[in-house]
Amino acid sequence: MSKIDKKLEQIKLQHQIGELLLKDNGVSCHFDYHVNLLSDYETVKLNVLTYNKRHNEYMLLHTVKGTSSIDCLNKTLTFLSQKDHRAKLLSFSVKWSKKGEDGSYVSYFQAHDEEEAREKFLHEKN
């Protein structure tokens with residue numbers, strides 16, 4: 001596959017994931033890639049982030065490791081599309097508010113345990 005074909009495939013997969021999440025709960029998604037130069041097998045880590053314009057925040061939806069961006073995106077699409085992958089996860093609701101603002105929000109997470117849900121909620125935040 002040529003470099004142009006790989007880029008097109010990456011964009012198409014990102015679009016498919018974005019469409020699924022928009023249809024499911026009205027959020028946009030964003031792809032945060034990290035390269036691990038020390039690994040021969042899991043050289044790319046992908047954090048799939050969601051952004052909700054209602055509360056103007058992003059949160060971690062899913063993290064996956066793979067051999068390329070396309071591999072990570074295919075794994076993410078499989079995770080989102082197949083209910084048996086997600087059936088092993090628990091559902092968590094987090095009620096929260098922003099400093100200096102009135103009112104509160106509720107965000108929903110699927111995770112293996114409470115700690116993982118907390119990590120998704122607080123991803124890259126203080």
Using a cut-off of 6.0 Å, state whether more than 12 heavy atoms not belonging to Glu114 lie near its atom CD.
-> no
Do Leu49 and Phe79 share a hydrophobic cluster, counting only Ile, Leu, Val, Met, Phe, Trp and Tyr and linking them when any side-chain heavy atoms are less than 4.5 Å apart?
-> no
Side-chain touch Leu20/Leu77, heavy atoms, less than 4.5 angstrom | yes
Report the distance from atom CG of Leu46 to atom OG1 of Thr63, rounding to the nearest 0.5 Å.
-> 7.5 Å
Nearest heavy-atom neighbours spanning Leu90 and His112 | CD1-O, 3.6 Å
Donor-acceptor under 3.5 Å (Ser104 side chain, Ser97 main chain) | no
If the plane angle is over 60° it's perpendicular, under 30° parallel, otherwise tilted; pick one for Tyr58 and His123.
-> perpendicular
Please report the closest heavy-atom contact between Ala117 and Ala111, naming both atoms and the distance.
-> N-CB, 3.5 Å
All side chain to side chain donor-acceptor pair (under 3.5 Å) counterparts of Asp5, not counting sequence neighbours | Ser2
Does any N or O in the side chain of Lys120 come within less than 3.5 Å of the main-chain N or O of Gln110, such that one atom is a donor and the other an acceptor?
-> yes
Heavy-atom side-chain contact between Phe92 and Arg118 under 4.5 Å | no
More than 12 foreign heavy atoms under 6.0 Å from NZ of Lys53: is that the case here?
-> no
State, with a plain yes or no, whether a side-chain heavy atom of Glu57 is found less than 4.5 Å away from one of Ser107.
-> no
Which of Lys7, Lys12, Lys6 passes side chain to side chain contact (heavy atoms under 4.5 Å, CB included) with Gln10? Answer is Lys7
Beyond-backbone contact of Phe31 with Leu73, side-chain heavy atoms, under 4.5 angstrom | yes
Check Cys29 against Val48 and note the closest heavy-atom contact, atom names and distance.
-> CB-CG1, 4.4 Å
Would Asp32 and His34 satisfy side chain to side chain donor-acceptor pair (under 3.5 Å), going step by step from the backbone distance to the final call?
-> CA-CA 7 Å; Asp32 186 16; His34 301 268; 3.2 Å; yes
Ser93 and Val106 have their tightest heavy-atom pair at CB-CG1, 4.2 Å
Distance in Å, Glu124 CD paired with Leu60 CG, rounded so as to fall on 0.5 Å steps | 8.5 Å
Geometric cation-pi criterion, Lys65 with Tyr41: 6.0 Å, 45° = no
Between OG1 of Thr76 and CD of Gln16, what distance do you get to the nearest 0.5 Å?
-> 12.0 Å
For the hydrophobic clusters of this structure (ILVMFWY residues joined by side-chain heavy atoms under 4.5 Å, transitively), does one cluster hold both Trp96 and Phe109?
-> yes
NE2 of His55 to CD of Glu101, rounded to nearest 0.5 Å, is 11.0 Å
Is any side-chain heavy atom of Leu61 closer than 4.5 Å to a side-chain heavy atom of Leu80?
-> yes
Atom OG of Ser69 and atom CD1 of Ile11: how far apart are they, to the nearest 0.5 Å?
-> 10.0 Å
Reported NE2-to-CG distance for the pair His30 and Leu21, which is rounded to 0.5 angstrom | 10.0 Å
Taking every non-hydrogen atom, the tightest pair across Asp71 and Thr67 | OD2-N, 2.9 Å
Hphob cluster co-occupancy, Leu13 + Leu8, side-chain heavy atoms under 4.5 angstrom = no
Not counting sequence neighbours, which residues clear side chain to side chain donor-acceptor pair (under 3.5 Å) with Asn56? List them please.
-> Tyr51
